[in-house]
Structure formats: structure tokens, C-alpha cells
S.K.: 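Got a structure for you, questions after.
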Amino acid sequence: MSWTGVVLAGGASRRMGVDKALVEVDGVAMAARVARALTDGGCDPVLCQGGDAEALATLGLAVTADSQPGGGPLAGILDALAAADSDIVVTACDLPWLDGDTVHRLLTAAAACPDADVVVAYDVHGPHLAGAWRARARQPLEHVIAGGVRSYRGALERLNTARLEVPASVVANVNSADDLDRRR
């Protein structure tokens, strides 16, 4: 079975002050870097969930519109699960150092944990917005959201979640210009 790669690109980017998906790291927009990692890791097709469709199209990325703009990552994941014809690997657009090897490891871990709704990348700081989601997780996630959970971590605690330990360096997220400066 093939896996669809999904880059969550619909965030408000308040701390960055500009659309994070379009911020360049080493000359490449973060959304494009993450999309490349998904492709390199074995996902096909790869698309963006939410975000500026016109701007992302200039990067060669297809976009599915959010049904609830500003609804946060859980709403984006639910939209991606509803739109996909397969299991999905979902990543935030602000993980510019994510690599194909880590995505491949998520897929391998998902194969080894067939009962898990999601296999999520963890490091010493906890779970990150990089995970392999089974298509069947849609209904349990709908129930979690209907129950009032809006937190990604809160949802993971209520779903059948498996963990994949990854190096902190590949899941370091960029929320501000300072975060980028620290990595340079």
C-alpha cells in the first residue's frame, strides 16, 4: 500500500511574522524541504494541507484547502485523512531538517505496529508533528475532536499511538527567526 505525504501548511505563523511554509532555509522554502523529505522517504503523492495555494503552487506543490482555516493541526490532519485514498504521513511545514531516512523509519515502524492508529516521531522533548497515520484513524480522531480535545499531544494520548525515537536535530521546528538563527 502506498502512503500519501502531507505537509501541514495552514498555520498562522504568528511568531515568525511571515508564512513559515515559504521561509527559505539554505535557499529552499521550508514546505518544499519537508515535501522532499516525504518523497525521499517513500511517500507518493505528496501535497500540502492548507496554506497559500497560489504561493505553494509556485514551489510545485499541490494544496488541499483546509475545511476549517485556523482550526489547528488536528483539523488539518482530519482533513488530510478525509481526502486521502491511503494511509498518510503528516508533517508540519516547520520541520526543515526532517529527512527521507526519518520518514522511511516512520513507515517501517508503522509496518511493525499494524494496530497503531499513528506512529509519531518522539525525541527527548516529546512528540513532534511528524507521524504515520492509518486511514482508519479518521473516526477515532473525529471522536477525540468532538470530545473537545484541540491539543495534538492530547489527541495522541487518546489514540492508539506508537512512538518512534528520533534525533532531536531532525525534528527541530522553526517558530521564529531566532529558531533559524540558532541552527546556523
Side-chain angles (χ1 to χ4, degrees), residues 1-11 21 30-51 56 60-68 71-123 126-147 149-166 170-171 173:
M1 176 182 228
S2 66
W3 288 75
T4 298
V6 179
V7 180
L8 295 180
M30 285 199 282
R33 289 175 65 96
V34 172
R36 170 58 60 194
L38 289 166
T39 299
D40 290 350
C43 296
D44 185 33
V46 174
L47 55 91
C48 290
Q49 179 63 51
L56 292 166
L61 301 171
V63 178
T64 301
D66 284 334
S67 66
Q68 302 173 42
L74 293 182
I77 293 168
L78 190 57
D79 283 344
L81 286 167
D85 291 330
S86 67
D87 297 332
I88 62 176
V89 176
V90 177
T91 62
C93 69
D94 63 359
L95 301 177
W97 297 285
L98 185 69
D99 57 27
D101 180 61
T102 301
V103 172
H104 180 74
R105 288 182 59 221
L106 279 168
L107 297 178
T108 301
C113 301
D115 294 333
D117 294 324
V118 58
V119 176
V120 66
Y122 269 75
D123 70 4
H128 289 272
L129 197 43
W133 289 77
R134 295 291 184 181
R136 68 170 182 274
R138 179 179 174 193
Q139 187 174 20
L141 182 58
E142 285 174 344
H143 288 283
V144 166
I145 293 170
V149 175
R150 298 291 178 261
S151 153
Y152 177 69
R153 288 180 183 210
L156 294 176
E157 291 170 1
R158 289 163 179 82
L159 297 170
N160 184 0
T161 302
R163 300 177 183 188
L164 173 67
E165 190 73 29
V166 299
V170 299
V171 288
N173 69 321

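A quick note: this is a predicted structure, and the numbers were derived from the prediction, not measured. Just so you know, these numbers use all the heavy atoms, side chains as well, and skip hydrogens, waters and symmetry mates.
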S.K.: Determine the minimum heavy-atom distance between Gly154 and Val149, stating which atoms define it.
M.R.: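 Taking every non-hydrogen atom into account, C-CG1, 3.8 Å.
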S.K.: Any chance you could measure Leu38, atom CG, to Leu107, atom CG, to the nearest 0.5 Å?
M.R.: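 Answer rounded to 0.5 Å: 9.0 Å.
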S.K.: Backbone N or O of Thr64 within a donor-acceptor pair of the Gln49 side chain at under 3.5 Å?
M.R.: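 Present.
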S.K.: So Leu159 and Val144, side-chain contact (heavy atoms from CB on, under 4.5 Å) or not? Walk me through it.
M.R.: CA-CA 8 Å; Leu159 297 170; Val144 166; 4.0 Å; yes
S.K.: Can you give me the closest heavy-atom contact between Ala31 and Leu56, atom names plus distance?
M.R.: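 Smallest heavy-atom distance, with atoms named: CB-CD2, 3.9 Å.
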S.K.: Please confirm whether the backbone N or O of Asp66 pairs with a side-chain atom of Asp79, one donor and one acceptor, at under 3.5 Å?
M.R.: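 Absent.
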S.K.: Identify the two heavy atoms, one from Cys48 and one from Ala9, that lie closest to each other, and give their separation to 0.1 Å.
M.R.: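 Reported closest heavy-atom pair: CB-CB, 4.3 Å.
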S.K.: Please assess Trp133 against Leu141 for the test side-chain contact (heavy atoms from CB on, under 4.5 Å), listing each intermediate value before the final yes or no.
M.R.: CA-CA 10 Å; Trp133 289 77; Leu141 182 58; 4.2 Å; yes
S.K.: Quick one: pull up CG in Leu47 and CG in Leu61 and give me the separation to the nearest 0.5 Å.
M.R.: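 One gets 9.0 Å once the value is rounded to the nearest 0.5 Å.
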S.K.: I would like to know whether Leu78 and Arg138 meet side-chain contact (heavy atoms from CB on, under 4.5 Å); could you show each step before the answer?
M.R.: CA-CA 6 Å; Leu78 190 57; Arg138 179 179 174 193; 3.8 Å; yes
S.K.: So how far is it from Trp3 CH2 to Arg134 CZ, rounded to the nearest 0.5 Å?
M.R.: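 It is 4.0 Å, given to the nearest 0.5 Å.
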S.K.: Mind checking side-chain contact (heavy atoms from CB on, under 4.5 Å) for Asp40 and listing every partner two or more places apart, or none if nothing turns up?
M.R.: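 For Asp40 the side-chain contact (heavy atoms from CB on, under 4.5 Å) partners, ignoring immediate neighbours, are Arg36.
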S.K.: Please identify each residue that fulfils side-chain contact (heavy atoms from CB on, under 4.5 Å) with Ala92, with sequence neighbours left out.
M.R.: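 Partners of Ala92 under the side-chain contact (heavy atoms from CB on, under 4.5 Å) test: Asp94, Leu95, Leu129.
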S.K.: First locate atom CG of Leu164, then atom OG1 of Thr108, and finally report the distance between them rounded to the nearest 0.5 Å.
M.R.: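 Result: 9.0 Å between the selected atoms.
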S.K.: Tell me if the CD atom of Gln139 is crowded by more than 12 foreign heavy atoms within 6.0 Å.
M.R.: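 Result for CD/Gln139: open.
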S.K.: Got a sec, which pairs hit side-chain hydrogen bond (donor to acceptor under 3.5 Å, both in side chains) with one end in residues 109-123, sequence neighbours left out?
M.R.: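 Every pair satisfying side-chain hydrogen bond (donor to acceptor under 3.5 Å, both in side chains) with a residue in residues 109-123: Tyr122-Arg163, Asp123-His128.
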S.K.: For side-chain contact (heavy atoms from CB on, under 4.5 Å), just list the numbers for Ser86 and Thr4, CA-CA rounded to whole Å, side-chain angles, deciding distance to a tenth of an Å, and then say yes or no.
M.R.: CA-CA 6 Å; Ser86 67; Thr4 298; 2.7 Å; yes
S.K.: Measure the spacing between CG of Leu74 and CD1 of Ile145 and express it to the nearest 0.5 Å.
M.R.: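 Here the rounded value is 5.0 Å.
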S.K.: Does Asp99 use its side chain to pair, donor to acceptor, with the backbone of Ala37 at less than 3.5 Å?
M.R.: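 Absent.
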S.K.: Which atom pair, heavy atoms only, marks the closest approach of Pro127 to Leu156?
M.R.: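 Heavy-atom minimum between the residues: CB-CD1, 3.6 Å.
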S.K.: For Ala121 versus Val166, what's the shortest heavy-atom pair and its separation?
M.R.: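 Smallest heavy-atom distance, with atoms named: CB-CG2, 3.9 Å.
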S.K.: Where do Cys93 and Met30 come nearest, in terms of heavy atoms and distance?
M.R.: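 Result for this residue pair: O-CB, 3.3 Å.
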